[in-house]
Each structure stands twice: as C-alpha cells, then as structure tokens.
Amino acid sequence: MKMDISIGLLGLGTVGSGVVKLIRQHQEELVHQLGCKVKVKRVLVRDIEKERDVQMDPASVTVNPDDILNDPEIDVVVEVMGGVDKTRQYIIKALENKKNVVTANKDLIALYGPEIQEIAWKNHCDLLYEASVGGGIPILRGLTDGFVSDRIQKVMGIVNGTTNYILTKMMENGVSYEEALKDAQELGFAEADPTADVAGLDAARKMAILARLAFYTNVKLEDVEVEGITNLLPEDLHYGKTLGYTMKLIGMAQCQNEQIEVSVQPAFVAKSHPLASVKNEFNAVYVNGEAIGEAMFYGPGAGSMPTATAVVSDVVAAIKNMQLGVNGCSLKGPRFEGKLKPLDQRFGQYYIRLHLKDQVGAFSKITAAFSALNISFKRILQTPDKRDELAEIIIVTHQVSLDRFQKALLQLNEMPVVKEVNSYYRVEGEA
Ligand code: NAP
Ligand code: HSE
C-alpha cells in the first residue's frame, strides 16, 4: 500500500476550504485510521487570484481540470464545486480514469446519480456522496449501513438549512424573510443562487436521494412534489403560532407495497413534535423502520466544517476500500421499480384559512360539504376581519386522504358563501 494517498479537489469554496482544513488538522487521526497520509495534491478553482480561507501552495492550485483528472498519482477526486453539466463531465472522466469520486453535489446526484453510479460500478470505483444530504449528519451511511437489516417505511425531516434558518428567524424573532435570507447567505448556508433553497428544490433533491437509498428504488427528481417557502404569508405564521404550531419546510418520503410518495412542502408542526425544536441551520431526519420503529438523526445541515466532515469520511471510506481492493462494491442497484401512490392512499391533516361571508348559515354550508366528504374538523378558529361582512376562519382537519381534501378545496372555491380560500398547509403532530 502507498505511504501517501493523493486527492484532488474540484473547488475551494465554503466546503472545499473546510476539507483542506480538516485534512490538515486531523492528519494524525487519519494516519491512525488508514496507516497512510492523506495529501491534497491539487485544487481546481475558477479564479486563481482570489483570496482564500486556507493557505495553499500556489503550485497546487490550477484552473485546468485535467491537472487533476489525468494525474495518475491522484486516487480520489473530491468534487465540491457545484453545478451540474461540467461536474458531471469531470466526474465521469475521473471514474473512467479509475479514480474514486466523493461529491457533496445533491443537484448532480439527484439528477444523474443512477447513471453515474453505473459508470462507477463499471470502473470498479466508489461514488460516495454523504455530504449531499444533511451536511455533517451521517444519514446516508445510517440508511445504507445502519439500517441495512431493516425495511424502511418512512423518512421525514428538515433537510435544508437555509430555509430552516429563515423560518426560525421569522417565527421566533419576527425577522423579515429578506433579512433572514441575507443572513443565511452571509453565513454560507445558502447555495450560490439561493432560489433552489427557498423554492424547495434543494430539499427535493435531497429527498430523492434519501428515498432511493431508503427504499432501494429509482426515485426520480420529477417524482417529488415540491413547494417552497417564498409565498408564506405573515397572517398564517401568526395564526399557526396562536394554534401551537411552528412552520417548517418538511421533506417526506413513504413507501408501502412498492408504492412511493415523496414531497417537500411547508407544513405546520406541533410545538411538541421533535422536529419543532430543530432550529436555525440544523437539519433532522426521522426514519421509521419496520424493526427499529422510530429513529432520528440531528445535526448541522450545512456550513464549511460540518459538511467537510462528511466529505472527508467518504474519502476515508474510499481509501479503506482501496486497501481492501473492494472499491465499487458497496451499493446495490434498485430492487424494484417504484410507482407513485394514488391520492386516495396518501393521508395528512390540514390547516385551511378562508374568508366567508359573515351571514347566517354560512359556516353550516362549509361543515355540510366537509361531512359529505367524511372530513372531520379538529380545530376551528374564527377571527373578526377588518373587511366588512367577512369572517376569517381557520380550520385544522383530522387525517384525511389527499383526494378528499382536494375535492373539499374545489367545493369551497365554488361556494357562493366563500369569498376566498387564502391558504392551506399540511399539519404534523398534535398541538
Ligand atoms: P462555493 O463556496 O461557491 O465554492 C465553489 C468552488 O468551486 C469555488 O472555489 C469555485 O472557484 C469553484 N468552481 C465553481 N465552478 C467552477 C468551475 N467551473 N471551474 C473551476 N472551479 C469552479 O460552493 P460551496 O458552498 O462550497 O458548495 C460546493 C458544493 O457542496 C455544492 O454542490 C453544494 O451544493 C454542496 N454543499 C454545500 C454545503 C454548504 O454548506 N455550503 C453543504 C452541503 C453540500 P472560485 O473560488 O475560484 O470561484
Ligand atoms: N444550501 C444547502 C442548505 C446547503 O441550506 O441546506 C447544504 O446542502
């Protein structure tokens, strides 16, 4: 076995700098674990003149990806530059050149993970992407190794640090959406373009990856229903708080009888629910398995050093596999072709806010429509509205199937007594 293992980094930004720092600071432990040194031989950047968080030997910094991808001394390529097209090209080239690949890139893995995995297998190389979900939380390894003996039925959680940070600041400190987003960007949690964070797409990519590994099926990104946090109204946050809820962007993946359901949407979470106490940039993922019951993973979902721990753990795993001569053997392909669950088998509780004409019998028309659909109310709140002759009503339902809930919404929108259905959200837990 070689005395030094050389790795090449594609990217030296928030995560890349953390990786360099961690490898330097923990070299002694790495040597203890691996019996060899780990050396960052070369780093790819866009702008060679840029000031960096870490001191680098100028000779090790390049703008030419081939200096890494074609270097026979480099055994592990670590992709922490982000983006999809170029990275896909670079990673495929690295694998074809028999280099193991570690990436933090959920955009790429969500879109092209299965295709790139096939190339990795063909070339007997590892493709590892622990940092792509949950930052520093070892959730992917938890699913693929820790729960390998179980049957996972549900994975639910908070998988985007930026939106959790924004929602925490808005709910608890009354900070505006814009100000909270700016802070998250400055703190390095948000993506270079934060649209993917706030539109729920970043979380959707992570849920697709989680669902694939949890259920051994090829979940596609387009299978994930996505709604972000950009259209939340202060009135709803206020009423939610009054009713004992907090707002979270919740990712959920369920599998029953080889039918799957994967979604990302803002939801009201009861303050007593463990996910309600997950604040700021922290992430948490609940796993529900047939044998384990419930387990929860919690930790920092973004940021330089936490994410670097996941990246470097993958580097260590790839090197250990090199030492055993088993690269490219760890994951298995999908076990079944997942079909989407029909709406009548998807259940949830819902919060609805609507404006009714404030007249005799108006509310009974609503209750009649809901009871005809067998939907029962759990909580009702009526507040005086500033607008003349209107009543603002907030309803929280008991569990209802999604097809019946959607029918109820359609009927409400068509009722002459209903001025407007303002908003509706899924509800988790008992307030
Ligand atoms: P970042 O701070 O924007 O850093 C990107 C780095 O890649 C920069 O050093 C940049 O070079 C380099 N780069 C980008 N495009 C390049 C190109 N075409 N050619 C050469 N170099 C290029 O990004 P980051 O926050 O570290 O994120 C990196 C990846 O990790 C992304 O996939 C992200 O989704 C993922 N991730 C991030 C976090 C987090 O907390 N930030 C957590 C988990 C996963 P210059 O410095 O010269 O511009
Ligand atoms: N932008 C991502 C987040 C970084 O906020 O969670 C970690 O994947």
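This is a predicted model, so every value here is computed, not measured. In each ligand, atom 1 is the first atom listed, and ligand 1 is the first ligand listed.
- Atom 2 (O) of ligand 1 is flagged as protein-proximal [any protein heavy atom, distance under 4.0 Å].
- Between F336 and Y216, the distance from one ring center to the other does not fall under 6.0 angstrom.
- Counting the atoms of ligand 1 from 1 in the order shown, those under 4.0 Å from a heavy atom of K86 are 18 (N).
- Note that atom 23 (O) of ligand 1 has no protein non-hydrogen atoms nearby, at separations under 4.0 angstrom.
- Closest non-hydrogen pair, A308 versus V15, comes out as CB-O, 4.4 Å.
- Within the 4.5 Å cutoff, the side chain of T87 has no heavy atoms near those of the L10 side chain.
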Below 3.5 Å only, please: the N or O atoms of ligand 2 paired with protein N or O atoms, distance on each line.
unit_1: ligand 2; atom_1: 1 (N); unit_2: F189; atom_2: O; d: 2.7
unit_1: ligand 2; atom_1: 1 (N); unit_2: E191; atom_2: OE2; d: 2.6
unit_1: ligand 2; atom_1: 1 (N); unit_2: D197; atom_2: OD1; d: 2.8
unit_1: ligand 2; atom_1: 5 (O); unit_2: G161; atom_2: N; d: 3.3
unit_1: ligand 2; atom_1: 5 (O); unit_2: T162; atom_2: N; d: 2.8
unit_1: ligand 2; atom_1: 5 (O); unit_2: T162; atom_2: OG1; d: 2.6
unit_1: ligand 2; atom_1: 5 (O); unit_2: F189; atom_2: O; d: 3.2
unit_1: ligand 2; atom_1: 6 (O); unit_2: G161; atom_2: N; d: 2.7
unit_1: ligand 2; atom_1: 6 (O); unit_2: K206; atom_2: NZ; d: 3.1
unit_1: ligand 2; atom_1: 8 (O); unit_2: K106; atom_2: NZ; d: 2.6
unit_1: ligand 2; atom_1: 8 (O); unit_2: K206; atom_2: NZ; d: 2.8

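- Side chains of T163 and N160: a donor on one and an acceptor on the other come within 3.5 Å.
- Nearest protein neighbour of atom 34 (O) of ligand 1, counting heavy atoms only, is E191 OE1, 2.9 Å.
- The nearest protein atom to atom 27 (O) of ligand 1, hydrogens excluded, is given as V15 CG2, 4.0 Å; this is a heavy-atom distance.
- Among M81, K106, E130, R52, the residue whose heavy atom sits closest to atom 46 (O) of ligand 1 is R52.
- The CG atom of L12 lies 10.0 Å from the OG1 atom of T14; values are rounded to the nearest 0.5 Å.
- Ligand 1 lies nowhere less than 4.0 angstrom from a heavy atom belonging to E79.
- The shell of residues lying under 4.0 angstrom from ligand 1, judged by heavy atoms, excludes G135.
- Within the 4.0 Å heavy-atom criterion, the part of T307 lying near ligand 1 is the side chain and not the backbone.
- Evaluated by nearest non-hydrogen atom to atom 41 (N) of ligand 1, the leading choice among A302, G82, G188, A196 is G188.
- Salt bridge status for E430 with K378: present, with a side-chain N to carboxylate O gap under 4.0 Å.
- Protein heavy atom in closest approach to atom 35 (C) of ligand 1: A104 O, 3.4 Å.
- Between L12 and ligand 1, a contact under 3.5 Å exists for at least one N or O pair.
- Formation of a donor-acceptor pair under 3.5 Å by the R42 side chain with backbone atoms of D71 is not found in this model.
- Within ligand 1, counting atoms from 1 as listed, the ones closer than 4.0 Å to a heavy atom of L44 are 20 (C).
- Note: Y424 and Y351 fail the aromatic proximity criterion, with ring centroids not under 6.0 Å apart.
- Closest to atom 4 (O) of ligand 1, if we only count protein heavy atoms, is G13 CA, 3.2 Å.
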- Item | Residue pair Q256, K341: steps toward the side chain to side chain donor-acceptor pair (under 3.5 Å) verdict | CA-CA 8 Å; Q256 266 144 4; K341 253 194 208 177; 2.8 Å; yes
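- Of the protein's heavy atoms, V80 O, 3.3 Å lies nearest to atom 28 (C) of ligand 1.
- Using a 4.0 Å cut-off between a side-chain N of Lys or Arg and a carboxylate O of Asp or Glu, D314 and R141 qualify as a salt bridge.
- Set against the non-hydrogen atoms of D47, the atoms of ligand 1 under 4.0 Å away are 47 (O).
- Salt bridge annotation for E337-K339: absent, with no cationic side-chain nitrogen under 4.0 angstrom from a carboxylate oxygen.
- Among protein heavy atoms, atom 16 (C) of ligand 1 sits closest to R46 CG, 3.7 Å.
- Between the side chains of D67 and T62, at least one donor-acceptor pair of N or O atoms lies under 3.5 Å.
- In this structure, L243 CG and I380 CD1 are separated by 11.5 Å, a value rounded to the nearest 0.5 Å.
- A distance below 6.0 Å separates the ring centres of F377 and F370.
- For ligand 1, the polar-atom distance check finds no N/O of F189 at less than 3.5 Å from any of the ligand's N/O atoms.
- Contact check for T195 versus L201: no side-chain heavy atoms found under the 4.5 Å cut-off.
- Any N or O atom pair closer than 3.5 Å counts here, and A131 shares no such pair with ligand 1.
- Interface atoms of ligand 1 facing G303, defined by a heavy-atom separation under 4.0 Å, are 39 (C), 40 (O).
- Between D107 and ligand 1, no N or O atom pair is found at a separation short of 3.5 Å.
- Not a single N or O atom of Y90, backbone or side chain, sits closer than 3.5 Å to an N or O atom of ligand 1.
- Of all protein heavy atoms, the one closest to atom 45 (P) of ligand 1 is K50 NZ, 3.4 Å.
- Taking the centre of each ring, Y286 and H273 come in below the 6.0 Å mark.
- Those atoms of ligand 1 that come under 4.0 Å of a heavy atom in V45, given as number and element, are 11 (O), 20 (C), 21 (N), 47 (O).
- Closest approach of V159 and D202 over heavy atoms only: O-OD2, 4.2 Å.
- Using a cutoff of 4.0 Å between basic side-chain nitrogens and carboxylate oxygens, K279 and E172 are scored as salt-bridged.
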